[in-house]
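Report on one structure; see the data block that follows.
Each chain gets a letter, A, B and so on, in the order its sequence line appears, and its residues count up from 1. Below, all heavy atoms of this structure are taken into account, side chains as well, without hydrogens, waters or symmetry copies.
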There are 2 protein chains.
Amino acid sequence: MTDGHESAPTGVRRTTRQRTAVSSALAEAGGFLSARDLHDRLAAQGERVGIATVYRTLASLASTGEVDVLLRDDGESVYRRCSSAHHHHLVCRECGRTEEVTGPTVEAWATAEAERHGFRDVRHTVEITGICATCTL
Amino acid sequence: MTDGHESAPTGVRRTTRQRTAVSSALAEAGGFLSARDLHDRLAAQGERVGIATVYRTLASLASTGEVDVLLRDDGESVYRRCSSAHHHHLVCRECGRTEEVTGPTVEAWATAEAERHGFRDVRHTVEITGICATCTL
DNA sequence: TCTGAACATGAGAATCAGTATCAACTAGCG
DNA sequence: CGCTAGTTGATACTGATTCTCATGTTCAGA
Ligand SMILES: [Zn+2]
Ligand SMILES: [Zn+2]
Ligand SMILES: [Zn+2]
Ligand SMILES: [Zn+2]
């Protein structure tokens with residue numbers, strides 16, 4: 001772990017067929033998809049991209065804030081192209097439909113609550129789930 | 001999948017050495033532990049309980065609300081004996097110290113936000129993390 | 001106390017998402 | 001074109017959690 005004589009990326013991000021494919025497939029999807037879902041979707045449209053590359057690309061997109069990552073209850077991560085502004089999600093447990101919600105209320109509450117306990121450098125996770133109007137019909 | 005002639009538990013909950021051991025070990029621990037942690041802890045004190053049983057017991061305790069389950073970022077679940085009243089957690093990212101926080105504010109916000117979008121049967125997850133006072137010193 | 005059916009257990013196999021390897025491949029620059 | 005650093009993907013691997021199923025226990029009832 002002293003130097004990088006092997007091939008540690010130095011910061012250049014190349015454009016490849018695979019990265020483009022993953023990005024646009026994710027954009028077209030609109031909702032949340034797991035890496036596996038995305039891989040299948042790509043395969044269906046004839047784009048051959050290795051699952052490892054799908055994971056790598058998603059991780060990269062997530063680190064730049066281009067996609068949102070959600071850790072589902074079953075432990076699998078799902079991704080979605082997402083506005084970069086801080087916000088939370090309202091997800092339908094039935095059909096997966098997702099709405100973005102912003103909340104100065106929670107933001108303030110979370111911060112206040114944390115400071116009250118002497119915590120600093122506060123972050124938070126808020127997820128709301130329910131059954132959407134369509135699925136209630 | 002039509003009837004249960006095999007041995008599907010019908011609702012009776014028996015007391016066994018293993019369940020007692022898991023419950024009390026969890027109570028003694030106080031904080032959040034993974035199933036593996038708990039298994040090791042039991043082994044250390046001479047209690048031989050299969051890992052599968054640890055998982056089964058934890059799942060059972062979680063379903064009755066006797067323990068809290070938290071899905072960590074790395075995907076592993078951690079458990080903790082917990083008051084049954086609805087509340088959220090404020091966790092230190094450095095030492096793991098945990099405070100329980102309740103919030104009529106978030107409760108109301110989450111519900112209102114969900115209803116505004118036509119969602120019903122609303123549930124929510126809220127986790128706040130930060131660096132506690134002790135770790136800041 | 002004795003019985004037996006329903007429950008529970010545990011060793012090990014199976015699953016499954018995600019990561020590590022590493023040789024072959026290619027984008028981008030000059 | 002030709003080189004070099006960044007990329008890819010088949011595949012092995014890891015680590016958590018679940019499944020299998022033969023064997024061991026619990027406890028209501030006799
Ligand atoms: Zn829905
Ligand atoms: Zn927020
Ligand atoms: Zn701390
Ligand atoms: Zn709440």
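Residue contacts for A:R19: at a heavy-atom cut-off of 4.0 Å it reaches the sugar-phosphate backbone alone, with no base atom in range. Residue B:S34 is classed as having no contact, given no heavy-atom separation below 4.0 Å to the nucleic acid. Base engagement by B:R36 is indicated by at least one non-hydrogen atom pair under 4.0 Å involving a base atom.
Ring-centre distance between A:H39 and A:Y55: not below the 6.0 Å cut-off.
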Side chain to side chain donor-acceptor pair (under 3.5 Å) between A:T20 and A:R17, intermediate numbers included: CA-CA 5 Å; A:T20 305; A:R17 170 181 66 76; over 6 Å; no
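At whole-Å resolution of the value, CZ in B:R48 and C1' in D:dG24 are 15 Å apart. Separating the CG atom of A:L70 from the C1' atom of C:dG18 is a distance of 17 Å, rounded to the nearest angstrom. Rounded to whole angstrom, the span from the CZ atom of B:R72 across to the C1' atom of C:dA17 amounts to 16 Å. Here D:dT17 presents its P atom at 10 Å from CG of B:D37, a figure rounded to the nearest Å. Between the C1' atom of C:dG12 and the NE2 atom of B:H39 lies a distance of 13 Å, rounded to the nearest Å. Distance, B:D40 CG to D:dG15 P: 13 Å, rounded to whole Å. D:dA16 atom C1' lies 15 Å from atom CG of B:L38, rounded to whole Å. If you take CG of A:D74 and P of C:dT15, they are 18 Å apart, rounded to a whole angstrom.
Taking only side-chain atoms of A:Q18, from C-beta outward, the nucleotide of D:dG9, C:dG10, C:dA17 with the closest atom is D:dG9.
Between A:R93 and B:R123 the shortest side-chain heavy-atom distance falls below 4.5 Å. Taking 4.5 Å as the limit, every side-chain heavy atom of B:H87 sits out of range of all side-chain heavy atoms of B:E99. Within the 4.5 Å cutoff, the side chain of B:Y79 has no heavy atoms near those of the B:V22 side chain.
Sequence order on DNA chain C of the closest nucleotides to A:A35 and B:V54 puts B:V54 first from the 5' end.
Looking at every heavy atom in both residues, B:F119 comes nearest to A:G130 through CD2-C, 3.8 Å.
Within the 3.5 Å criterion, the main-chain N or O of A:L90 finds no donor-acceptor partner in the side chain of A:R97.
Distances shorter than 4.0 Å separate none of the side-chain N or O atoms of B:T53 from OP1 or OP2 on C:dA8.
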Annotated protein contacts, base or backbone, on nucleotides 19-30 of chain C with a non-hydrogen cut-off under 4.0 Å, one of B, S, - each: BB-----BBS--
